[in-house]
There are 2 protein chains.
Amino acid sequence: MNNQHQITLKDIAQQLKLSVSTVSRALKGSTDINAETSKQVLALAEELKYSPNPIALSLKDKKTKVIGVMVQEIANNYCSAVIAGIENFACKMGYQTIISQSHEKYETEVQNTRLLASRRIDGLIISISNETRNTDHLQELIDKGIPVVMFDRVSNAIATHKVIVDDYRGAFEATCQLIEQGYENIAHITISKHLLITQNRLRGFTDALRTHQLPVRSEWILHCDFNTEATENKIRHLFCSTKRPDAVLLSVERLSITCLKVLRELELQVPDDVALSSFSDNPLSPFLNPALTSVCQPTFAMGQLAVELLIELIESKQIIKEYKTVQMKTTLHVHESSLRKAVAVGEK
Amino acid sequence: MNNQHQITLKDIAQQLKLSVSTVSRALKGSTDINAETSKQVLALAEELKYSPNPIALSLKDKKTKVIGVMVQEIANNYCSAVIAGIENFACKMGYQTIISQSHEKYETEVQNTRLLASRRIDGLIISISNETRNTDHLQELIDKGIPVVMFDRVSNAIATHKVIVDDYRGAFEATCQLIEQGYENIAHITISKHLLITQNRLRGFTDALRTHQLPVRSEWILHCDFNTEATENKIRHLFCSTKRPDAVLLSVERLSITCLKVLRELELQVPDDVALSSFSDNPLSPFLNPALTSVCQPTFAMGQLAVELLIELIESKQIIKEYKTVQMKTTLHVHESSLRKAVAVGEK
DNA sequence: CTGAAAGCGCTTACAG
DNA sequence: CTGAAAGCGCTTACAG
C-alpha cells in the first residue's frame with residue numbers, strides 16, 4: 001500500500017530541465033558546477049525534501065551502512081546496555097544496526113548470522129550463545145569480507161578485534177571478598193564450560209580459593225544452561241546436599257535470579273545461610289532483597305568500543321592483520337548479599 | 001575492506017552459459033523452464049551458496065522488508081520486552097527490524113523518525129517520547145505511504161492501528177488495592193500530562209479515590225520527566241511536606257526506582273511508612289526489597305500484535321480506512337510493597 | 001523454452 | 001560546465 005512516491009533525482013532534473021548527472025553533482029557539492037545551477041538544485045531539493053535513496057547507493061558501492069548485532073537475548077539487561085552503546089556510536093558514524101538474537105541456541109545463531117549476511121550487512125558484532133562451540137559461521141563471514149568484532153563471549157578460534165573484561169580478576173576479587181567475610185565453602189554457578197569467559201571466571205574463582213588455602217570441590221562447580229527447570233534442579237540439589245556451600249559466586253545475572261528463587265523456596269536466608277555474589281549489570285541490583293553484590297562491567301563503553309573497532313575494520317583501506325583484544329575493568333559493588341552481618345554499608 | 005565477491009546471478013549464468021534471465025526464472029521456480037536447465041541452475045546456486053541481493057530486490061519493488069521501531073530507550077525492560085515480541089513475529093514474516101531511540105526527547109524522535117524514513121523502511125512501530133505533543137512527523141510518514149502502528153504511548157491525532165492496555169482499569173485496580181489495605185492518603189507519581197496513557201491512568205486513579213469517597217489532592221499528583229535530579233527533588237518535596245502521603249501509585253517503573261531511592265534516603269520504610277504500587281514489567285519486581293506490587297502488561301504479545309497489524313497495513317492491496325485500537329488487559333501482582341503487614345503471601 | 005532490453009535510483013568516467 | 005552512457009543485481013514484459 002506504499003503508493004506514494006519518494007522524490008528522486010529524476011524529479012528534480014525534470015523540473016529544472018537538467019540532466020540527472022548534473023543534479024547529482026550539484027547535490028554532492030561538486031566544484032565544477034555553475035553556481036546558479038547549483039543554487040537552484042539545492043533549493044528545489046530542500047523544497048521537495050529530497051533525500052537520497054540509500055538502497056540505490058548501496059547497490060552501487062556495495063556498502064549498506066548497516067551493522068548486524070547478534071546477542072543472546074535483547075530483553076536482557078547486559079545485552080540491551082551494550083546495544084545502547086553500540087547504537088550510540090554507530091549512529092554518530094552514520095551506521096544503523098540490525099539486532100538479531102540467538103536465544104542461546106547454536107542453530108539459531110548460525111541461521112540468523114546467515115540471514116544477516118544475506119542482508120549484506122557491512123559488519124557484525126557478536127557475543128556467541130551458550131551452546132556455541134563451532135564458529136565456522138563467523139569465519140564464513142570474514143572470508144566473505146564481512147568483518148566481525150566479538151565481545152563478552154568471544155572465541156579463540158576467530159582472529160579479529162575483541163572487547164572483553166578482565167573476567168579472571170572480576171571473579172578473583174569477588175571470591176576474595178567472600179573469603180574475607182569468612183565464607184569458606186564457596187560454590188560457583190556458571191554457564192557452558194566451553195566458553196572462554198566461563199574458563200577465565202572459573203580460574204579466577206579457583207585461584208582465589210587456592211590463594212587462601214581453601215580446597216576446590218569439583219562437585220560445587222555447576223555448569224548450567226538456560227533451561228530454567230534443569231538449572232533449578234541442579235541448584236536445588238546443590239543446596240540439599242548434606243554439606244552445603246555457605247556462599248556462591250554466580251557467573252551471570254540470570255542465574256543469580258534462579259538461585260535466589262531456589263533459596264527462597266528452600267527457606268534459606270541470604271546472606272545468613274548462603275551468601276551471594278554475582279556478575280551482574282542490573283541497575284536494580286542494589287534494590288534487591290537482599291541487595292546483590294555485583295561484579296559490574298562497563299557495558300555502554302564496551303558497546304561503543306566494539307562498533308568503533310568494527311567500523312575501523314569496515315572502512316580501512318588496507319587489509320588489517322593486527323587484531324587487538326581490549327580488556328576492560330570490572331568493578332565490584334559490595335552489598336548485603338555477601339556481607340556477614342546482614343546490614344549494608346550506610347544503606348537501609 | 002569488503003573485497004570479497006558475493007555470488008550473483010551473473011556468475012551462475014556465466015558458468016552455465018545461460019542468460020541472467022533464465023537463471024533468475026529457474027531460481028524462482030518458473031514452470032516454463034527446461035527441467036534439465038532448472039536442475040543445473042539450482043544445483044550450482046546451492047553449491048556456490050547463492051543468496052539473492054536484497055538491495056537489488058528492494059530497488060525494484062520499493063520494499064525493503066525492514067520495519068522501523070522507535071522506543072524511548074532500548075535498555076528499558078518494558079521496551080526490550082516489547083521489542084522481543086516484535087522481533088519474534090517480524091522474523092517469522094521475513095521482515096527485519098531497525099531499532100531507534102528517542103531518549104525521551106521530542107527532537108531526537110523527529111530526527112530519528114526521518115532517518116528511518118530515509119532508510120526506506122516499509123513501516124514504523126512507535127511509542128512516543130515523554131516530551132512529544134506534536135505528531136506531524138508521524139503523519140508525514142503516513143502521507144508518504146509508510147504505515148505506522150502505535151503502542152503504549154499512542155496519540156489521538158494519528159489515525160492508525162494501535163495496541164494499548166486498559167490503563168484506566170490498571171490504575172483503578174491498583175489504587176483500589178491500596179485503599180482496601182487501609183491507605184487513604186495516596187499520591188500519584190506519573191509522567192507527562194499530555195500523554196494519553198498518563199490521562200487514562202490518572203482517571204483510573206482519581207475515579208478509584210472518588211469511588212471510595214476519598215479526596216483528590218492535586219498537589220499529590222506529580223508529573224515528572226526523566227531528568228533524574230529534578231524528579232528526585234519533586235519526590236523528596238512530596239515526602240517532606242508536613243502532611244505526607246502514606247501510599248503512592250507510580251505510573252512507570254523507572255519512577256518507582258527513583259522513588260525507592262528517595263524513600264531510603266529519607267529513611268522511610270516501605271510499606272510501613274509509605275506503600276508503593278507501580279506499573280512495571282520487570283521480572284525482578286518480586287525480588288526487590290520490598291517486593292514491588294506491579295501492574296503488568298502483556299509486553300511480548302503486544303509487540304507481536306503491533307507487527308502483525310503493521311504488516312497487515314504494509315501488505316494490504318487496498319487502502320485501509322478502518323483502524324482498530326486493540327486494548328489488552330493488565331494484571332495486578334500484589335507484593336509486600338503494598339501490603340499492610342509487611343509480610344508477603346507465602347514468600348520469605 | 002530462452003535471451004535481449006528496460007528499468008529501479010544513483011554515481012562517475014568519458015565526451016564535448 | 002553539462003549530458004549521455006554504463007553499471008550496481010535483479011525482475012519481467014516482449015520477442016523469437
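Throughout, a chain's letter reflects where its sequence line sits, starting with A, and its residues are numbered from 1. No experiment lies behind these values; they were computed from the predicted model shown. What you see below is based on every heavy atom in this structure, not just the backbone, and it leaves out hydrogens, waters and symmetry mates.
Along DNA chain D, the stretch of nucleotides lying under 4.0 Å from any heavy atom of chain A spans, 5' to 3', D:dC1 to D:dG9.
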Candidate pair B:Glu131 and B:Ser192, rule side chain to side chain donor-acceptor pair (under 3.5 Å), full reasoning = CA-CA 7 Å; B:Glu131 282 184 7; B:Ser192 167; over 6 Å; no

Start with the C-alpha distance between B:Arg114 and B:Glu107, add both sets of side-chain angles, then the distance that settles salt bridge (charged side-chain N to carboxylate O under 4.0 Å, His left out), and finish with yes or no.
-> CA-CA 11 Å; B:Arg114 298 228 169 93; B:Glu107 281 306 334; over 6 Å; no

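Nucleotides C:dG9 and D:dT2 have their P atoms positioned 24 Å apart, rounded to a whole Å. D:dC1 and C:dC10 have their P atoms separated by 24 Å, with the value rounded to a whole Å.
By the salt bridge (charged side-chain N to carboxylate O under 4.0 Å, His left out) test, A:Arg133 is found to be paired with no residue, residues two or more places apart in sequence or in another chain being considered. For A:Val66, the side-chain contact (heavy atoms from CB on, under 4.5 Å) partners two or more places apart in sequence, or in a different chain, are A:Thr64, A:Ile98, A:Ile121, B:Arg119. By the salt bridge (charged side-chain N to carboxylate O under 4.0 Å, His left out) test, A:Arg153 is found to be paired with A:Glu104, residues two or more places apart in sequence or in another chain being considered.
Within the structure, ring pair (Phe, Tyr, Trp, His ring centres under 6.0 Å) contacts touching residues 106-142 of chain B (residues at least two apart or in different chains) are B:Tyr106-B:His137. Under the ring pair (Phe, Tyr, Trp, His ring centres under 6.0 Å) criterion, the residue pairs touching residues 303-326 of chain A are A:His161-A:Tyr323, with sequence neighbours excluded. Applying the side chain to side chain donor-acceptor pair (under 3.5 Å) rule to pairs touching residues 37-49 of chain A yields nothing, sequence neighbours excluded. Evaluation of the ring pair (Phe, Tyr, Trp, His ring centres under 6.0 Å) test over residues 27-55 of chain B, restricted to residues two or more places apart or in two chains, returns none.
Mapping B:Leu59 and A:Asp61 onto DNA chain C by nearest heavy atom places B:Leu59 closer to the 5' end of the strand. Both B:Arg25 and A:Ile33 lie close to DNA chain D; mapped to their nearest nucleotides by heavy-atom distance, the more 5′-ward contact belongs to A:Ile33.
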Tell me which donor-acceptor pairs under 3.5 Å the side chains of residues 73-87 of chain A have, and how far apart each pair is, sequence neighbours excluded?
residue	atom	partner	partner atom	Å
A:Glu73	OE2	A:His103	ND1	2.4
A:Asn76	OD1	A:Tyr78	N	2.8
A:Asn76	OD1	A:Cys79	N	3.2
A:Asn77	ND2	A:Glu253	OE2	3.3
A:Tyr78	OH	A:Asp152	OD1	3.4
A:Tyr78	OH	A:Gln297	OE1	3.1
A:Ser80	OG	A:Asn76	O	3.3
A:Ser80	OG	A:Asn77	O	3.3
A:Glu87	OE2	A:Thr97	OG1	2.5

Without placing hydrogens or testing angles, list every side-chain donor-acceptor pair under 3.5 Å for residues 298-313 of chain B, not counting sequence neighbours.
residue	atom	partner	partner atom	Å
B:Gln304	NE2	B:Asn88	OD1	2.9

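Using a 4.0 Å cut-off on heavy atoms, the residues of residues 34-51 of chain A that approach DNA chain D are A:Asn34, A:Thr37, listed by number.
Remark: DNA chain D takes part in the stems C:1-3 with D:14-16, C:5-12 with D:5-12, C:14-16 with D:1-3, each of 3 or more antiparallel Watson-Crick or G-U pairs, criterion distances under 3.5 Å.
A:Ser21 comes within contact range of at least one nucleobase, with a heavy-atom separation under 4.0 Å.
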